[in-house]
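Written below as structure tokens is the structure these notes are about.
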Amino acid sequence: MFFSGGSALNDISRSLKSYTHNSVHLITPFDSGGSSQVLRKAFNMPAVGDLRSRLMALADETELGQPDIFRLFTHRFPTDADPDTLNKEFRSIVHGQHPLMQAVSQPMRSLILTQIKAFDARRPKDFDLRNASVGNLIVAGGYFANDFNLEPVLFIMSKMVAVLGTVRAIVDDNLHIGAKLENGSVILGQRELTGKEVPPLPCPIQQLFLTNAHNRLPREAVRLPMRNRRLIRKSDVICYAPGSLFSSVIANLLPLGVGATIAERHVPKVYLPSLGTDPECPGMDLADQLEAILSALKIDAPEHVANPALVNTILCDETLYTPQIAKRLSRLGVQCVPTLLHKAENPHQYDPNKVCDALISLS
């Protein structure tokens with residue numbers, strides 16, 4: 001089971017299909033950047049881009065799956081086309097005339113057209129189609145067609161592309177994340193935290209929280225759905241995945257019930273830290289990042305819970321390992337397992353097969 005978001009785990013997920021079809025991915029729907037930002041502004045809805053990309057990473061890409069649907073869902077509109085050209089291509093998709101839509105056999109084509117037409121019915125005339133993912137538009141249409149619920153459309157899409165695993169939103173709510181920084185300032189929105197589309201943070205994050213369009217929400221207002229609690233209770237390995245530490249990982253730990261449910265499960269609980277620099281973690285080393293995860297989990301976990309009940313292992317690539325870090329992690333009660341996990345040609349990227357081998361060995 002992975003707590004993750006963004007694209008950092010997608011290559012690993014794609015490789016994991018060769019090892020198991022039983023991986024579970026709980027994804028944050030709180031993103032506010034990229035193409036998700038355009039959809040969220042237009043429709044005031046949860047972010048679907050990370051969910052769609054993980055579904056595609058886990059899709060069966062062989063002829064036994066649905067390669068034609070996969071190609072349609074991963075297609076993007078050009079970034080440099082004029083509005084008339086973009087609208088013409090969009091209309092050809094909606095009317096089932098686009099070559100990618102024509103390639104999809106019935107009855108799947110009709111089912112997909114129902115979703116994209118539901119999106120079209122609500123689409124503002126000035127909606128920006130540049131670089132829009134067709135898959136995101138289909139998910140958005142399914143969200144509208146299913147009474148503004150993500151779970152039904154994620155289930156339908158999983159069946160459409162024969163997803164070899166389980167992908168769910170951590171909660172089916174239209175929320176954003178906010179952060180209080182160590183200097184006392186408050187930042188709202190995932191896009192403002194990641195340092196990708198805006199300047200990096202001036203100082204570390206002190207606390208992450210969930211918010212609606214108006215107010216910071218109390219923790220008890222956002223609860224982990226029972227369907228996701230059941231998945232945690234059945235997990236063989238729990239992994240806090242690489243990606244932006246706060247907006248991709250810790251954001252998934254905020255709903256009420258996450259920490260308590262993890263603490264109940266006696267299995268390996270592994271932190272797989274990001275390689276390279278995380279703009280969300282200025283001045284934070286590996287031990288600091290672990291403490292941030294533990295702090296988020298402990299807000300919800302039983303009183304006086306021991307650290308190993310929440311995180312007991314760090315898979316530490318040799319580029320991150322130092323004896324000093326290992327000593328600090330040991331004082332926290334967490335085992336540091338130094339190993340070679342990065343690509344031979346790039347020390348800032350994980351080798352997906354090496355990571356899969358390591359995770360499978362723990363189960």
Side-chain angles (χ1 to χ4, degrees), residues 1-6 24-32 34-59 69 72-73 94 107-108 110-124 127 132-163 165-177 190 210-215 217 219-232 248 251-258 261:
M1 164 167 284
F2 297 95
F3 290 92
S4 74
V24 177
H25 304 251
L26 296 181
I27 309 290
T28 165
F30 312 133
D31 187 9
S32 62
S35 59
S36 287
Q37 179 189 25
V38 178
L39 282 168
R40 298 200 79 179
K41 281 188 173 181
F43 301 107
N44 190 29
M45 62 179 289
V48 298
D50 291 341
L51 289 157
R52 187 267 314 160
S53 69
R54 190 61 51 81
L55 287 168
M56 295 303 103
L58 291 168
I69 298 178
L72 174 66
F73 282 12
V94 171
M108 288 295 189
S110 293
L111 186 58
I112 294 169
L113 285 171
T114 298
Q115 317 303 317
I116 197 71
K117 287 177 180 177
F119 168 80
D120 185 37
R122 291 179 172 270
R123 181 175 72 107
F127 184 83
S133 161
V134 172
N136 285 1
L137 305 186
I138 293 169
V139 175
Y143 175 75
F144 305 143
N146 287 278
D147 297 323
F148 306 97
N149 291 302
L150 279 176
E151 198 59 30
V153 70
L154 294 177
F155 175 80
I156 292 169
M157 283 191 70
S158 294
K159 299 304 179 184
M160 283 181 178
V161 294
V163 169
T166 300
V167 178
R168 286 183 178 167
I170 188 69
V171 293
D172 197 343
D173 289 317
N174 179 27
L175 302 173
H176 291 268
I177 53 176
Q190 174 268 349
L210 294 174
T211 177
N212 57 22
H214 308 289
N215 301 302
L217 298 173
R219 195 176 186 91
E220 58 270 19
V222 185
R223 296 175 178 270
L224 181 70
M226 184 54 66
R227 60 181 177 270
N228 290 342
R229 291 181 189 234
R230 294 191 190 102
L231 289 175
I232 296 173
S248 289
N252 277 309
L253 311 180
L254 296 179
L256 184 68
V258 175
T261 309

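Side-chain atoms of Arg229 and Met226, non-hydrogen and from C-beta on, do get closer than 4.5 Å to each other. Residues Leu224 and Ile170 meet the side-chain proximity criterion, which asks for heavy atoms closer than 4.5 Å. Put simply, the side chain of Leu58 does not reach to within 4.5 Å of the side chain of Thr166, judged on heavy atoms. For the pair Leu254/Val222, no side-chain contact is recorded, criterion being any heavy-atom separation below 4.5 Å from C-beta on. When side chains are defined from C-beta on, Leu210 does not count as touching Asp173, because their heavy atoms never get closer than 4.5 Å. Side-chain contact between Val258 and Phe3 is present, with at least one heavy-atom pair separated by less than 4.5 Å. Contact check for Asn136 versus Phe119: no side-chain heavy atoms found under the 4.5 Å cut-off.
By the neighbour-count criterion of 12 heavy atoms within 6.0 Å, atom CZ of Arg223 is sparsely surrounded, having that number or fewer from other residues, nucleotides or ligands.
Between Asn174 and Pro46, the shortest heavy-atom distance links the atoms OD1-N, 3.4 Å. Shown here for Leu231 and Val24, the closest heavy-atom pair between the two residues is CD1-CG1, 3.7 Å. Scanning all heavy atoms of the two residues, the minimum distance from Gln115 to Gly142 falls at OE1-CA, 3.0 Å. The nearest pair of heavy atoms linking Ile27 to Gly5 is CG2-CA, 4.1 Å. Minimum interatomic distance between Leu154 and Ala169 (heavy atoms only, all atoms of both residues): CD1-N, 3.9 Å.
Applying the salt bridge (charged side-chain N to carboxylate O under 4.0 Å, His left out) test to residues at least two apart or on different chains, the pairs with a partner in residues 134-157 are Glu151-Arg168, Glu151-Arg227.
In this structure Ser133 satisfies the side chain to side chain donor-acceptor pair (under 3.5 Å) test together with Arg52, sequence neighbours excluded. In this view, Phe155 satisfies the ring pair (Phe, Tyr, Trp, His ring centres under 6.0 Å) rule with no residue, not counting sequence neighbours.
Ser36 contributes a side-chain N or O that, together with a main-chain N or O of Gly49, makes up a donor-acceptor pair within less than 3.5 Å. A donor-acceptor pair is defined here as one N or O able to donate and one able to accept, closer than 3.5 Å; such a pair exists between the side chain of Asn149 and the backbone of Asn146. Within the 3.5 Å criterion, the main-chain N or O of Ser32 finds a donor-acceptor partner in the side chain of Gln190. Panel note: side chain Thr28, backbone Asn252; no donor-acceptor pair is recorded below 3.5 Å.
Phe43 and Phe127 have tilted rings, their planes meeting at an angle from 30° to 60° on a 0 to 90° scale.
In this structure, the separation between CG on Asp50 and CG on Asp31 is 5.0 Å, given to the nearest 0.5 Å.
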Stepwise side chain to side chain contact (heavy atoms under 4.5 Å, CB included) test for Met108 and Lys159: CA-CA 10 Å; Met108 288 295 189; Lys159 299 304 179 184; 5.7 Å; no
Would you check, one step at a time, whether the test side chain to side chain contact (heavy atoms under 4.5 Å, CB included) holds for Arg40 with His176? CA-CA 10 Å; Arg40 298 200 79 179; His176 291 268; 3.3 Å; yes
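Using a 4.0 Å cut-off between a side-chain N of Lys or Arg and a carboxylate O of Asp or Glu, Lys117 and Asp120 do not qualify as a salt bridge.
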